[in-house]
Trainee: 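Below are the structure tokens for one structure; questions will follow.
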Number of protein chains: 2
Amino acid sequence: MVTRAESAAATRRALLDAATSLLAAGGPEAVTLREVGARAGVTRGAPYRHFADKDSLLTAVAAESWERLADHVRAVRTDPARSAVEKLRGALDALIGVGRAQPHLYQLLFWQPGHLNRLERLHRQVCGPEGDPQAASRAADRFQDEFLAVVADVVGEEDARRYGALLLTSAHGIAGMEHSGQLGTDKWQTSADSLVDTLIGMVTG
Amino acid sequence: MVTRAESAAATRRALLDAATSLLAAGGPEAVTLREVGARAGVTRGAPYRHFADKDSLLTAVAAESWERLADHVRAVRTDPARSAVEKLRGALDALIGVGRAQPHLYQLLFWQPGHLNRLERLHRQVCGPEGDPQAASRAADRFQDEFLAVVADVVGEEDARRYGALLLTSAHGIAGMEHSGQLGTDKWQTSADSLVDTLIGMVTG
DNA sequence: ATCCTACAGTTGACAGTGTCATCTGAGCGC
DNA sequence: GCGCTCAGATGACACTGTCAACTGTAGGAT
């Protein structure tokens with residue numbers, strides 16, 4: 001037998017897994033609450049016991065992904081076998097790799113939180129904190145902190161912010177352009193990896 | 001009195017204007033064919049006489065926006081009052097400016113075409129060309145050509161591709177991060193404009 | 001002038017969707 | 001044991017994109 005809390009936690013986990021899987025397979029349009037519920041073994045109304053609405057569910061998925069990304073960068077950063085520059089490359093590749101392997105999820109990471117926070121933040125100020133949509137922002141923050149630490153190991157503390165912002169935005173842009181297929185053309189005669197090389201060369205040279 | 005062709009062209013124009021307006025105001029979710037039709041003075045079924053489906057309508061909106069962007073960069077590039085570096089700044093600001101002023105449209109520019117082309121290109125190969133979804137890609141191509149020419153004026157022909165790709169992806173990343181609100185935090189202590197400065201300094205210095 | 005055709009636009013219908021009010025039933029404190 | 005709480009089920013509603021069938025008129029053919 002299982003306690004009620006355990007059952008509820010398992011359902012919530014199953015809902016998140018189902019949403020993540022559907023998002024990866026077919027984008028946000030494919031994430032329907034009915035299908036999410038079905039894959040989690042519940043019906044369409046059940047998600048509303050765990051998330052305010054569909055956007056909250058997707059925001060929770062984004063939060064988990066940010067957490068994974070932050071953990072990964074932390075693991076890279078504390079790997080004694082890598083040099084500082086190799087760690088930087090690992091961090092950049094991590095972000096771009098998500099864009100490449102899971103474009104829908106990647107888009108969610110940078111789109112949903114911003115879209116939500118603009119409106120929901122005001123909403124939370126009125127209704128009081130609910131803890132949910134903040135989670136994505138905090139997780140993204142943690143990723144940025146890890147990334148900043150990696151950059152600091154390469155260019156030093158005082159230049160970390162300046163170069164970190166440039167590196168992060170550039171990596172984000174590379175991922176986005178690659179995702180939209182505008183880097184694959186022979187017009188630019190380059191690749192994401194080559195651009196990362198150039199980027200790293202700029203801050204180390 | 002108006003001819004039938006004139007009437008149809010006017011309706012198509014009104015549909016595009018309505019879709020553009022709705023997109024700017026409330027994002028893709030707010031663009032409903034019923035509301036688009038209502039604002040254009042027709043009913044919900046009318047758009048299907050001009051566009052295959054909702055995605056085609058949005059792709060047409062994206063194509064028009066790419067055209068405007070390309071025209072703007074061309075105007076900047078051929079402005080005799082500006083230096084080469086000032087032209088580069090103008091081109092970068094144009095892209096970032098769209099991201100700032102019309103985030104939903106900006107997202108459409110880089111998201112929809114890539115998402116569609118991946119699947120639709122195969123579809124067109126079977127059903128024969130329809131001319132519509134290609135328009136967005138061609139317009140985006142024209143923008144990139146203009147941008148490439150601006151970059152060539154600064155760094156020379158042979159380095160234009162290499163630096164052009166880096167500048168374009170970086171600008172895209174800056175726009176995206178600013179849009180998602182992740183540049184506004186005091187963590188980075190920088191701004192989109194400041195990053196553009198750094199970027200230009202890197203390729204000119 | 002009359003018929004005919006092409007076609008822009010209308011209308012009714014259908015399958016899905018997110019969301020909510022209401023109901024049900026089982027875990028758990030008393 | 002009783003009763004409360006809450007996870008989940010269910011019915012309903014408004015709204016969406018999409019298509020088949022229909023209507024009316026511009027404009028060429030006779």
Side-chain angles (χ1 to χ4, degrees), chain A residues 1-19 22-23 25-61 104 108 112 115-116 119-120 123 127 130 132-133, chain B residues 1-19 22-23 25-61 104 108 112 115-116 119-120 123 127 130 132-133:
Chain A
M1 110 154 205
V2 297
T3 73
R4 183 155 64 172
E6 282 169 350
S7 167
T11 298
R12 183 190 158 93
R13 185 91 292 275
L15 289 171
L16 283 170
D17 289 341
L22 286 170
L23 178 69
E29 308 296 312
V31 182
T32 74
L33 291 180
R34 283 163 169 82
E35 183 63 23
V36 168
R39 294 203 179 193
V42 292
T43 54
R44 60 189 194 275
Y48 286 91
R49 289 289 143 187
H50 301 272
F51 307 95
D53 53 9
K54 183 182 176 181
D55 280 339
S56 291
L57 171 60
L58 287 176
T59 300
V61 170
H104 294 298
L108 179 70
Q112 273 281 359
H115 181 66
L116 282 182
L119 298 174
E120 300 274 329
H123 178 258
C127 305
E130 212 178 57
D132 213 25
Chain B
M1 118 153 202
V2 295
T3 73
R4 184 153 65 172
E6 283 170 350
S7 168
T11 298
R12 184 190 157 92
R13 185 90 293 273
L15 288 171
L16 283 170
D17 289 341
L22 285 169
L23 177 70
E29 308 296 312
V31 182
T32 75
L33 291 181
R34 283 161 170 82
E35 183 62 23
V36 167
R39 293 202 179 194
V42 292
T43 56
R44 62 188 192 273
Y48 286 91
R49 289 289 142 187
H50 300 272
F51 307 96
D53 53 7
K54 183 183 175 180
D55 280 340
S56 291
L57 171 61
L58 287 175
T59 299
V61 170
H104 293 298
L108 179 70
Q112 271 282 2
H115 181 66
L116 281 183
L119 298 174
E120 299 274 329
H123 179 258
C127 306
E130 215 178 55
D132 214 21

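In what follows, every chain begins at residue 1, and chains take the letters A, B, ... in the order their sequences are listed. Worth knowing before you read on, the calculation uses all heavy atoms, side chains too, and leaves out hydrogens, waters and symmetry mates.
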Trainee: Quick one: A:Arg4 CZ to C:dT24 P, roughly how many Å, whole number?
Mentor: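 Rounding to the nearest Å, CZ of A:Arg4 and P of C:dT24 are 18 Å apart.
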
Trainee: Under 4.0 Å between a side-chain N/O of B:Thr11 and OP1 or OP2 of C:dG9, yes or no?
Mentor: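 Answer yes for this pair, as a side-chain N or O of B:Thr11 is under 4.0 Å from OP1 or OP2.
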
Trainee: Output yes when at least one side-chain N/O atom of A:Tyr48 is less than 4.0 Å from OP1 or OP2 of D:dG8, else no.
Mentor: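 No, because none of the side-chain N or O atoms of A:Tyr48 sits under 4.0 Å from OP1 or OP2 of D:dG8.
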
Trainee: Please report the distance, rounded to the nearest Å, between CG in A:Leu15 and P in D:dA9.
Mentor: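 Taking atom P of D:dA9 as the reference, CG of A:Leu15 is at 10 Å.
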
Trainee: For A:Arg49 and for A:Arg44, find the nucleotide of DNA chain C with the closest heavy atom, then tell me which residue's nucleotide is more 5'.
Mentor: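 Its nearest nucleotide lies further toward 5', so the answer is A:Arg44.
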
Trainee: For DNA chain C, what residues of residues 29-42 of chain B have any heavy atom nearer than 4.0 Å?
Mentor: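 Contacting residues: B:Arg34, B:Val42.
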
Trainee: Among B:Val61, B:Asp17, B:Val31, which one satisfies side-chain contact (heavy atoms from CB on, under 4.5 Å) with B:Leu22?
Mentor: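 Of all the options given, the one that passes is B:Val31.
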
Trainee: Please classify the nucleic acid contact of A:Ala46 as base, sugar-phosphate, or nothing, using heavy-atom distances under 4.0 Å.
Mentor: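 Sugar-phosphate only.
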
Trainee: Among the nucleotides C:dA8, D:dG17, C:dT19, which one has an atom lying closest to any side-chain atom of B:Lys54?
Mentor: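 Of the options given, the side chain of B:Lys54 lies nearest D:dG17.
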
Trainee: Does A:Ala18 have any side chain to side chain contact (heavy atoms under 4.5 Å, CB included) partners at least two apart in sequence or in another chain, and if so, which?
Mentor: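 For A:Ala18, the residues satisfying side chain to side chain contact (heavy atoms under 4.5 Å, CB included) (neighbours in sequence not counted) are A:Val36, A:Arg39.
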
Trainee: What integer distance in Å separates A:Glu6:CD from D:dC6:C1'?
Mentor: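 Spelled out: CD on A:Glu6 to C1' on D:dC6 is 16 Å.
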
Trainee: What's the verdict on side chain to side chain contact (heavy atoms under 4.5 Å, CB included) for B:Leu33 and B:Asp53, showing C-alpha distance, side-chain angles and the deciding distance?
Mentor: CA-CA 9 Å; B:Leu33 291 181; B:Asp53 53 7; over 6 Å; no

Trainee: Heavy-atom distance under 4.5 Å between the side chains of B:Thr59 and B:Phe51, does that happen here?
Mentor: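 No - every pair of side-chain heavy atoms lies 4.5 Å or more apart.
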
Trainee: How long is the line joining CG of B:Asp53 and P of D:dA20, in whole Å?
Mentor: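 Interatomic distance, CG of B:Asp53 to P of D:dA20: 14 Å.
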
Trainee: To check you understand the geometry: which heavy-atom pair defines the closest contact between A:Ala60 and A:Leu16, and what is its length?
Mentor: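 So the minimum-distance heavy-atom pair works out to CB-CD2, 3.7 Å.
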
Trainee: Starting at CG of B:Leu57 and ending at P of D:dT18, how long is that distance when rounded to a whole Å?
Mentor: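 Taking CG of B:Leu57 and P of D:dT18, I get 10 Å after rounding.
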
Trainee: Would you kindly give the CZ-to-P distance between A:Phe51 and C:dC20, to the nearest whole Å?
Mentor: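 For the pair A:Phe51 CZ and C:dC20 P, the rounded distance is 16 Å.
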
Trainee: What distance separates B:Thr3 OG1 from B:Glu6 CD, expressed to the nearest 0.5 Å?
Mentor: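 The distance works out to 3.5 Å.
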
Trainee: Rounded to the nearest Å, what distance is computed from the CZ atom of residue A:Arg12 to the C1' atom of nucleotide D:dA7?
Mentor: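 Computing the A:Arg12:CZ to D:dA7:C1' distance gives 14 Å.
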
